Amino acid sequence: MAHAVLICSGARVPAARLLGHPLLDRLSIITEHGHTARYPDGVAVETVGSVHDVDEVLAAAWRIAGRHPLDGVLAPYEVGLPAAGYVRTVLGLPGPDFTTATLFTNKHAMKQRLAAAGLPLMPFAGAHSDAQVRARAAEFGWPVVVKPAYGGGSKDVAVVADAAELDAWLAGGGSPRPRNPTAVVERRADILVEYHCDGVVHDGAVRSVVTSRYLEPVLGRIGQGDPYGSYQLPSDHPEHRAVAELHAAAVAALGLRSGVTHLEVFGTPDGLRVSEVACRPGGGAIPAAIHLRSGVDLVDACVRTSLGLPPFPDGTPAPARTDARYVGHCGLALRPGTITELSTEAELAALPGVLNVVLHQRVGDRIAGHIYSASAAGFVHVGADTEEEVRERLATVRAAYRIRTRPDGTGPDGTGQDGTGPDGTGPDGTGPDGTGPESTRPEGPGAESAAPDSTAPDGTAPDTTDPRPPTPDHAASAAPARPVAEAVAS
């Protein structure tokens, strides 16, 4: 049995299976101020102004370790990865170290290392000022994709069609600044199909890999309503083999020794192109879907490798829980406001091929705050014998699902926003991170979004900028960050 610390931003509510994992006889939490009430009695909680502030998180971890020695650091969410790597490096704990975490979270550093290793990417560049962002965009030609170097859940990722749209993106928070000094500009891919590839790595070798195909490209779905959906490809599928080869090459290029990975790949007219890769489980219902079909428990593997243990307790994954050749899933859209009508689990479970339904929300819940890429009212998993059938069954779920909300501040007559069916039932819900909105109810015990939404063998960081993650605006009053070399040395 072990003692681990879980690093979690205030926007997240860890799933019950993490809080009560059988390998942990003691779990401590580092989260942000004002969120201790989310955790059950008996769980030690230390708070910080921001989990992006690696020095503040390290100080909290030291306080925890001073009371009870630590065996590992858990960071199943994107925003906690850099701080977790920093704590592991300074305290000598297992799992991805600070350099590894930097290469898997700083998208500029990541793409530099992947490109140097020969992996196929879209043309990209880092930019450290508004002027550099504009210059790089002009070099690539419109449209371009712009994003912060650090971030998850497709937040602040945009396709800009011209200089005016780029200026609006910069003014709206995309501008490089001291707390997020690097932006990534890249030529937009002509995406025909998009894949995610989820793996388990141990001792530098890929021990499990599953390739899934999104129902539609994620970038094109941002802000369009339906949360993302995907289905897994059989191991003999030619697209699986091609994407799995890229996954193995990315793991080797970034130097991951042990952990769980989530890779995004575009299929373009010119072939496959790597987008991003993370050293965490995929978001939303991806882990549950993979567990259903292959028996691989990505959340359990994440905990085990974070404690320095082999990813599978008996050397191999547990048996699959379905005989379906194809297993797919889709998220159920959220809308801001108070939910006045929502499909029931029984209604969704009665649809063709449905294997599992998990609802995180119910009528009367208030949905507020930023709705991230994998935010969803729940998830539905389906099984099928053919690729065509799994797509049809997921389309049926989307068409049958209904949600209606009353905007905050309106009367009780429910005359607010109607979100029925697949034509815009809620805000953005695409992508790997799985960071959800604030609501009146946390995710229930069945929530799998805690899994998941994204290392260098020579120990050096490839980016000349400070690889520390940004400090959000609400922590602007914190002391300036020290240079990384000084911080690590201390």
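Side chains included, hydrogens not; waters and symmetry mates left out as well; all remaining heavy atoms used. These figures come from a predicted structure and were not determined experimentally.
Put simply, the side chain of Gln132 gets close to the backbone of His128: a donor and an acceptor are under 3.5 Å apart. Judged by distance alone, the side chain of Glu194 and the main-chain N or O of Val218 form a donor-acceptor pair under 3.5 Å.
For Arg391, the side chain to side chain donor-acceptor pair (under 3.5 Å) test picks out Tyr231, with sequence neighbours left out.
Salt-bridge check for Arg402 with Glu347: passed, with a basic side-chain N closer than 4.0 Å to an acidic carboxylate O. Residues Lys147 and Glu276 are paired through a salt bridge, judged by an N-O separation under 4.0 Å between the basic side chain and the carboxylate. With salt bridges taken as basic N to acidic carboxylate O contacts below 4.0 Å, none links Asp236 and Arg241. Salt bridge status for Glu216 with Arg398: present, with a side-chain N to carboxylate O gap under 4.0 Å. Lys111 has a carboxylate O that lies under 4.0 Å from a charged side-chain N of Glu186, or vice versa, which qualifies the two as a salt bridge.
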Between His262 and Phe104, is the ring pair (Phe, Tyr, Trp, His ring centres under 6.0 Å) condition met? List the steps. CA-CA 10 Å; His262 177 77; Phe104 273 90; over 10 Å; no
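To the nearest 0.5 Å, atoms OG (Ser258) and CZ (Arg207) are separated by 8.5 Å. Atoms CZ and CG, from Arg177 and Asp130 in turn, are 10.5 Å apart once rounded to the nearest 0.5 Å. Taking CG from Leu233 and CZ from Arg325, the interatomic distance works out to 9.5 Å, rounded to the nearest 0.5 Å. Here the CG atom belonging to Asp156 is positioned 7.0 Å from the CH2 atom belonging to Trp169, to the nearest 0.5 angstrom.
Ring centroid separation for the pair His329 and Tyr228 comes in under the 6.0 Å cut-off.
If you run side-chain hydrogen bond (donor to acceptor under 3.5 Å, both in side chains) between Tyr86 and each of Thr102, Asp97, Asp55, only Asp55 comes through. When the options His237, Glu239, His240, Gln232 are evaluated for a side-chain hydrogen bond (donor to acceptor under 3.5 Å, both in side chains) with Thr211, the one that passes is His240.
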